[in-house]
Amino acid sequence: MLTLKQIQENTEAVIAGLKIKNFDAEPYIKQILAKDEDRRNTQKEQDDLLSQINVISKQVGQLFKEGKTDEANEMKKKSAELGEKQKALGTKLDAIATELNDILVRLPNLPYKLVKPGKGAEDNEIVKLVDDTIPNLPADAKPHWELAKDYNLIDFELGVKITGAGFPVYKGMGAKLQRALISFFLDENTKAGFLEIEPPLMVNEASGYGTGQLPDKEGQMYHVGIDNLYLIPTAEVPVTNLYRDVIVSSKDLPIKNTAYSACFRREAGSYGKDVRGLNRLHQFDKVEIVCIEHPSRSYETLDKMVAHVESLVKKLGLPYRILRLCGGDMSFTSAMTYDFEVYSAAQKRWLEVSSVSNFETFQSNRLKLRFRDEETKKTQLAHTLNGSSLALPRIVAALLENNQTPEGIKVPECLQQFMGCSMLTK
RNA sequence: GGAGAGAUGGCAGAGCGGUUGAAUGCGGCGGUCUUGAAAACCGUUGACCUGAAAGGGUUCGGGGGUUCGAAUCCCUCUCUCUCCGCCA
C-alpha cells in the first residue's frame, strides 16, 4: 500500500498518477488526510493522559514507601479516572486506525513516470519485437494439445479424472521436459547471481496480506480451511515474505532470490476458448525471480531482470516481444511492468510467459521490509521487484507448436543436456 | 494426538508488581594506542508513533484481563524444545 507520507507530501501527484491507472482517488485521498489528522490529534490526547498516569503512578509508589497512605489513595482515585478516559480514547484510536487502513489498502500503487495511460491490453506499448524465429508451419500444423496427445506427453483427461480440469498429467518425455525447463531456468538464474530457494507451497494468512493477495484476491487462492493455509499462486508470495518484518543491511542490496514452485490458481470465472490445453491451468510450474533493492537503483535492477528473462527466451529460440504495460492493464500492486510474450505459431497468437515488475515500496510498506540508510542511519522502506523466469506451460505450448517437424519435435539446444535427446518422436 | 518446559534487544542471557527500555557477555559503530593490523582500553549501539525541537507515548511472541502502576500476576492463541505415539 501507499505510505501516508507519499499521500501527504504529494497529494496532487498521487491523484494524477492514479488517474493513469483509471482510478479516481480524490474522494479517498480526502478521507485519508482527514482520518489521519483525526488519528494524530486523538493520539496526542491519549499520549498526554498516559503521560499524566505514568507520573501519578510513580508518585503513588513513592508515597506508599513514605507511608503516606491517605495521599496515595487520593492519587490512585485520580489516576483511575484518567485511566477511564484514556481507555475510551484508545478504543476511538483503534477504530480510526482501522478505518484509515481500510481505505489505504484499497488504493492501487502509483505508476512510474514511464507508464502511459491506457484502457487495457490493446494500449500496451511494444518495446521490443523479435519475430524472425517465427517458423513457417504447414497448414496442417497442430496446436499443442493435439501434439501433446500424439506424442504422449501430457494427458489432460487423466488429470480431469483424478483431480479436475486444469490439472494436467505430464508423462514420459512430457514430464522430463518439465524437469528440464525447471533445471535450465534455475541453473541460468543461479549463474546470474540469484540464490536458489525452495519455499513452502502453502502460506499463512499473514503472508497472503504481506504480498497483497489478501484481502482483494481471496477467491483466487485455494484455501485449506482446517489449518487456515493458502496454496501459493506464485513463489513470489513465500519468497518475498521471507523478508517480512526484516531490516536488511544496505550493503546486502540487491538481494536476489530465485525459486521453482508449483503454482495454484483457482482462476474463478475464467473458462472458454482461451483456456484450452496449457493456456490456462489451475496448477502449473514456474520459476520466479525476486529482488530487493535500494530505491535509487530499483529501475536499473528492473532493466537487468528484463534483460535476464530475455536471455532465457532467446536461448529457447522462441519468437518473443516485450511489452510495457499501460496504466489500465497493470496490476494493483505494480509501479511498472514488462510482459514477455512468446509466439505460438499453430494457435497464431502471443502467449504471456513472464511479467516483470517493480513494486517500489508498495509491498515493503505492508511487509515492513526495510534497510538502514548508511548516511542518515535511519530505516527506510526497500523496493521489491519480481518476475517469472519463466512460467512453464505456455513455453511448452510454444516449443511444441513452433518446433514441430514431420520427423518429430525439435528440442532446443539449451535443453538437450537435460532431455538426453535432440528430438521428441512418437 | 498425549504429558511437561519455555518464548526478553542483531545474538546469547539476567530480571519475576514500582527510576527496567531492560543487567551482563558477544556482535556492530566511533575513538585511543600502532607504520598498518590484531590485542587491550574508552565511548556508543533496538524498533515504532507523535512533534520544528525539547519532549511525550508505545513496544519484553500475539490478543485480552487484574492493578494507581505489568517484562513480571491471570486467561487465551501461536510458536519452540523434551518425552511418548505416528511416520517419508
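Note that the coordinates shown come from a computational prediction; the quantities given were computed from them, not determined experimentally. Here is how names work: the chains are called A, B, and so on, in the same order as the sequence lines, proteins then strands, and each is numbered from 1.
- We find that A:Glu45 and A:Lys85 are not joined by a salt bridge, their nearest charged nitrogen and carboxylate oxygen being 4.0 Å or further apart.
- Pairs of residues two or more places apart, or lying in two chains, that qualify as salt bridge (charged side-chain N to carboxylate O under 4.0 Å, His left out) and include a residue from residues 146-155 of chain A are A:Lys142-A:Asp150, A:Asp155-A:Lys171.
- The separation of B:G1 from B:G15, taken at their C1' atoms, amounts to 36 Å, rounded to a whole angstrom.
- Heavy-atom contacts of chain A under 4.0 Å fall on RNA chain B between two terminal nucleotides, which in 5' to 3' order are B:G18 to B:G69.
- Taking atom P in both B:C60 and B:G55, the straight-line distance is 24 Å, to the nearest Å.
- Base pairing annotation: B:G69 forms no Watson-Crick or G-U wobble pair, as no partner gives both donor-acceptor distances under 3.5 Å.
- Across the interface with RNA chain B, nearest-nucleotide mapping of A:Ile53 and A:Asp48 shows A:Asp48 to be the residue nearer the 5′ end.
- The residue A:Asn54 sits close only to the backbone: its heavy atoms come under 4.0 Å of sugar-phosphate atoms, none of a base.
- In this structure, A:Ser57 reaches the bases: a heavy-atom distance under 4.0 Å links it to at least one base atom across the strands shown.
- With a 3.5 Å ceiling on both atom-pair distances, the Watson-Crick or G-U wobble partner of B:G55 is B:U50.
- Residues satisfying the salt bridge (charged side-chain N to carboxylate O under 4.0 Å, His left out) test with A:Lys35, not counting sequence neighbours, are A:Glu99.
- With a 3.5 Å ceiling on both atom-pair distances, the Watson-Crick or G-U wobble partner of B:A5 is B:U80.
- For B:G85 and B:G2, the C1' atoms lie 8 Å apart once the distance is rounded to whole Å.
- Across all strands, A:Ile56 comes closer than 4.0 Å to no nucleic acid atom at all (heavy-atom distances).
- A distance of about 27 Å separates the C1' atoms of B:U76 and B:G18, rounded to the whole Å.
- Residues forming a side-chain contact (heavy atoms from CB on, under 4.5 Å) with A:Thr337 (at least two apart in sequence, or on another chain): A:Leu325, A:Met330, A:Ser334, A:Asp339, A:Ser355, A:Ser357.
- B:C11 is paired with B:G25 under the Watson-Crick or G-U wobble criterion, all donor-acceptor distances under 3.5 Å.
- Near-neighbour residues of RNA chain B inside residues 32-47 of chain A, defined by a heavy atom below 4.0 Å, number-ordered: A:Arg39, A:Arg40, A:Gln43, A:Asp47.
- The C1' atoms of B:G63 and B:U58 are separated by 16 Å, rounded to the nearest whole Å.
- As rounded to the nearest Å, B:C26 and B:U44 have P atoms that lie 16 Å from one another.
- Distance check on atom C1': B:C48 versus B:C42 gives 31 Å, rounded to whole Å.
- Residues passing the salt bridge (charged side-chain N to carboxylate O under 4.0 Å, His left out) test with A:Asp48, sequence neighbours excluded: A:Lys44.
- With respect to A:Asp187 and A:Lys191, no salt bridge is recorded, no charged nitrogen being found less than 4.0 Å from a carboxylate O.
- Each of A:Lys77 and A:Arg372 was assigned the nucleotide of RNA chain B with the nearest heavy atom; the assignment lying further toward the 5' end belongs to A:Arg372.
- With both ends at atom P, the span from B:U72 to B:U80 equals 23 Å, rounded to whole Å.
- Base pairing analysis places B:A39 opposite nothing; no Watson-Crick or G-U wobble pair with both distances below 3.5 Å involves it.
- Pairing for B:G85 is absent, judged as Watson-Crick or G-U wobble with the two contacts each under 3.5 Å.
- Every residue was checked against the salt bridge (charged side-chain N to carboxylate O under 4.0 Å, His left out) condition with A:Asp123, not counting sequence neighbours, and none meets it.
- Taking the six-membered ring for Trp and the full ring otherwise, A:His383 and A:Phe359 have centroids separated by 6.0 Å or more.
- Evaluation of the ring pair (Phe, Tyr, Trp, His ring centres under 6.0 Å) test over residues 26-52 of chain A, restricted to residues two or more places apart or in two chains, returns A:Phe23-A:Tyr28.
- Partners of A:Leu381 by side-chain contact (heavy atoms from CB on, under 4.5 Å), not counting sequence neighbours, listed by chain and number: A:Thr3, A:Thr361, A:Ser364, A:Asn365, A:Arg370.
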